[in-house]
Participant: 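What follows is a structure written as structure tokens; I'll ask about it next.
So you know, we letter chains A, B, ... as the sequences are listed, proteins then strands, and number each from 1. No hydrogens, no waters, no symmetry mates; every other heavy atom, side chains included, goes into these values. The shown structure was predicted, so the numbers you read here are calculated from the model rather than taken from an experiment.
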Amino acid sequence: MRYNFQEAEKNWQRAWREADIFTAREDATRPKYYVLEMFPYPSGRIHVGHVRNYAMGDVVARYKRARGFNVLHPMGWDAFGLPAENAAMSLGAHPMTWTYENIRVMREQLQSLGLSIDWSREIATCHPDYYRHEQRMFLEFLRAGLVYRKESWVNWDPVDQTVLANEQVVEGRGWRSGAVVERRKLSQWFFRITAFADDLLDHLSKLPEWPEKVRLMQENWIGRSEGAQFRFALKDDPRTVEVFSTRPDTLFGASFLALAADHPLVQELARHDTSLSAFVAECRSLGTSEVELETAEKKGYRLPFTALHPFDSRRELPVYAANFVLMEYGTGALFGCPAHDQRDFDFAVKYDLPIRRVVARPGEEDTPVDAPFLEDGILVHSGFLDGLAVATAKKAAIAELEKRGAGKAMITYRLRDWGVSRQRYWGCPIPIIHCPDCGAVPVPDTDLPVTLPEDARFDRPGNPLAHHPHWKHTTCPTCGKPAERETDTFDTFVESSWYFARFCSPRASVPVEKDQADYWLPVDQYIGGVEHAVLHLLYARFFTRAMKGQGHLAIEEPFARLFTQGMVCHETYRLPGGEWLLPEQVVKNDAGEWIARETGQKVEVGRSEKMSKSRKNVVDLTYAIQTFGVDATRWAVLSDSPPERDVEWSGAGIEGAWRFVQRLWRLAQEWIAADPAIAHAAPPEGTDPLRRLTHQAIAQIGEEIEHFRFNRAIARLYELANRLEECPVRTTASRREALSSLALLVLPFMPHLGEEIWRAIGQSGLASLAPWPSYDPALIAETSATIAVQVNGKLRGTLELPKDAPQDEAEAAALSLDSVQRALAGGRPRKVIVVPNRIVNVVL
RNA sequence: GCCCGCUUGAUGGAAUUGGUAGACAUACAGGACUUAAAAUCCUGAGGCCCGGAAGGGCCGUGCCGGUUCGAGUCCGGCAGCGGGCACCA
């Protein structure tokens, strides 16, 4: 007798489909629950990481549905992106064909997993019906001042002729071409995410159901710094230099000013000063990689200016252009206070500038500074600030600057506006027309969507849209003269910034249908990888605010609860030539070395890292699913490891999971065969050991699922199975209760087996529609307690006592134990500590 | 450099949040069934020591120290691993 999972999977998936039970409909009479897993990029095939992610979401969705919630659990495709274009270049397939074919395969694979997904809401972001709304919202945001265009520095790959994201620059080279990346200034479109910097930061504290780690990462990313912005006058020059500082209290310790190479003043001087312009070029060519920055020398170029101290115009400070000052942060200029900043200290030593102590511990006012003093202390040698603590001195310094009209308190953020222009084909076209006379003109609403030309060519580097013979040529909507379309497309993070809202009304003619969005949003449970902790999750929070501003949404925060599941990792395998191999393409030879299965070549084994298609360390579960079934595969993927933790994938667990599937199925079959009346038994009454086990399991497993402890829920289910087999007293009624509860408890993890057992015991209807079993607290109440007996904190034995037995009884029982008597050796304990129902500790 | 997190048997991990460390699973070993294998079932197992055995003792949650009747759990210090940020003024 063997469980035929192929049959069961086919039958139940058909039954669910025919009963149409996963299609979500608004229903004011039931509480809603929106479960969403981060949607996949259609890279080719489903791997273990996907299965883990979607199996978790499915557990939650099925559990909440059983708990009476009206569940929305949709699926879509994050379908624009670079890999499609790379595939077009290397395989000759059109990005669209490649993408839709991948979607077809992956959809089939996901559907085979028995996920409780509402497929009627499926969306693909590369479809014009999706991105037309994005284009429309972009233009709305433009009108609202949340979008602008400006020149900015980008990473430019001279071989592929495209902009690269920072993440795509590896050690200063393009990740694909290997070419040394240049910095280039290009006109780019930006989303004004900084307009919400404070709001995005403040609301983090209102997201208690987000992991602390993610909130912290976003906080650091936004990087709020409080300080002051103020002006230095220049000697014999009407211009001024604006600086930002978080330490205005140390202003009396200033000994120089430093400007970024891109600072307008420096730029201007460089026009007539060739050695300065050489210095500027050197600053720009400086790599942006961490290692280079770490080791780069602090270099300055003395400018022909002298700055005057804002609190004492007799004090004169030299002004430098310096390679460590960033135009993008603050004002692109700073004052250096060598005594209280490491970098300024290094610079002062190098250029022999004064190092003036202005903060000190009591009694160390005149101690020479041989290393920058960074602690809090008392202000010294600072005129009106003398004697103040650092925090007070900051306020006093700012007040004085304001009084003199030299500056004001200022908050600066690390967060930059979001540059969304990409010189790529496979993305959403930016709906703008550039007219020589009218400038950048929005595409009129009636002309949306701007769709991609299908006949683009991918046989040369650069942007296929720009190369297209006629796509970009059009006329200006304003003046009617010949004009050119914007040939850049959006960063693909734009699509994923609002897809969760689109799922509420996926076919609407507006971006979101307000009523439906108001019903379903926010997402109650969002699940995805921690690698999106900052970018995607921050962009989505920004987009939600921007959409609210346009009246599309009523919420600020898109995701009420966030769960970041760990990554599934695997070793990487690489041939000497650099070609990556799939795990299934390598084997260990007799000597224990890894070799390529086909050629026998030695393979270099790399460290275990997140499964990704580019490194080929992906494990396809097709084989496991065909051999052991979907239920066993889902079970194996969720067993053993806490969901938030990274796991090193090994196929080891899957056979055990399969054995367990069969064991449960056999258990049900055997019980039914031994007692056919089980199928019709009335609900049990009273108490017996089997009922206690059943109800304990119901209580525990519900609790574990609520808290995302799927590994523990699974352990409890194993325990339940072990005990059901051993349990002595069983009535027909309690057996029926045990089996039907078992069916429902395993269902979120193993939906097909759950249905199978449910039907086997004669339950009507679908288990997937059955309410979560309830437990009787009276049945699970413990009547006795096992109490540990310790002598001086060391375990000497255990006692079995009635629950809540009086303390003196427990003490007496403990003292009468042989092991305790031996330890006492006739003496008397100094002290006995009794913790009811837990422990008795005899202290000698 | 700064900020977070982690470290428990052969392995993945549990431990009611200060109260019996190692649940559950995987791998392993022994046994039963079998001509044999698979499957299934039973048994064993943190380490060391005493004992023929029953049993008993000591040590043990990265390392050192502390608080406590009692520490995997709390505190201080250190090490290792992982993650985030970084010429951020």
Participant: Mind checking if Val835(A) touches a base, just sugar-phosphate, or nothing, with heavy atoms under 4.0 Å?
Facilitator: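 It contacts base atoms.
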Participant: Under a 3.5 Å distance rule, please check whether Asp262(A) uses its side chain to pair with a backbone N or O of Met327(A) as donor and acceptor.
Facilitator: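 No: the side chain of Asp262(A) does not pair with the backbone of Met327(A).
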Participant: May I ask you to verify if any side-chain N or O of Arg414(A) is less than 4.0 angstrom from the OP1 or OP2 atom of rA86(B)?
Facilitator: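 Yes, Arg414(A) has a side-chain N/O under 4.0 Å of OP1/OP2 on rA86(B).
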Participant: What closest approach, in Å, do Ala699(A) and Ile780(A) show between heavy atoms, and which atom pair accounts for it?
Facilitator: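 Answer, listing the atom of Ala699(A) first, then Ile780(A): CB-CD1, 3.9 Å.
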Participant: Determine the sole option in Trp658(A), Trp665(A), Phe628(A) for which the ring-ring contact (aromatic ring centres under 6.0 Å, His included) test with Phe5(A) is passed.
Facilitator: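 Per the ring-ring contact (aromatic ring centres under 6.0 Å, His included) rule, the option paired with Phe5(A) is Trp658(A), out of Trp658(A), Trp665(A), Phe628(A).
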Participant: Once you round it to whole Å, what is the distance between P of rG56(B) and CG of Leu795(A)?
Facilitator: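 Nearest whole value for this atom pair: 11 Å.
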Participant: Please give the nucleotide sitting opposite rU73(B) as a Watson-Crick or G-U wobble pair, both distances under 3.5 Å, or none.
Facilitator: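 Base partner found: none.
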Participant: Of the candidate nucleotides rU20(B), rA89(B), rC3(B), which contains the atom at the shortest distance from the side chain of Ala788(A)?
Facilitator: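 The answer is rU20(B), which lies nearest to the side chain.
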Participant: Is a side-chain donor or acceptor of Tyr351(A) paired with a backbone partner of Gly300(A) at a separation under 3.5 angstrom?
Facilitator: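 Such a contact is found between Tyr351(A) side chain and Gly300(A) backbone.
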Participant: When we call it a touch if two heavy atoms are under 4.0 Å apart, what does Ile833(A) touch: a base, just sugar-phosphate, or nothing?
Facilitator: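 Base: the residue Ile833(A), judged by heavy atoms under 4.0 Å, touches a nucleobase.
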Participant: Considering only atom C1', compute the distance from rG18(B) to rA25(B) and round it to an integer number of Å.
Facilitator: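 Taking atom C1' in both rG18(B) and rA25(B), they lie 28 Å apart.
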Participant: Hey, which of these two, Gln790(A) or Arg645(A), hits RNA chain B nearer its 5' end, going by closest nucleotide?
Facilitator: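 So the residue in question is Arg645(A).
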Participant: Please determine, for the side chain of Asn841(A), which listed nucleotide (rA14(B), rG19(B), rC85(B)) has the closest atom?
Facilitator: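 Closest nucleotide to the Asn841(A) side chain: rG19(B).
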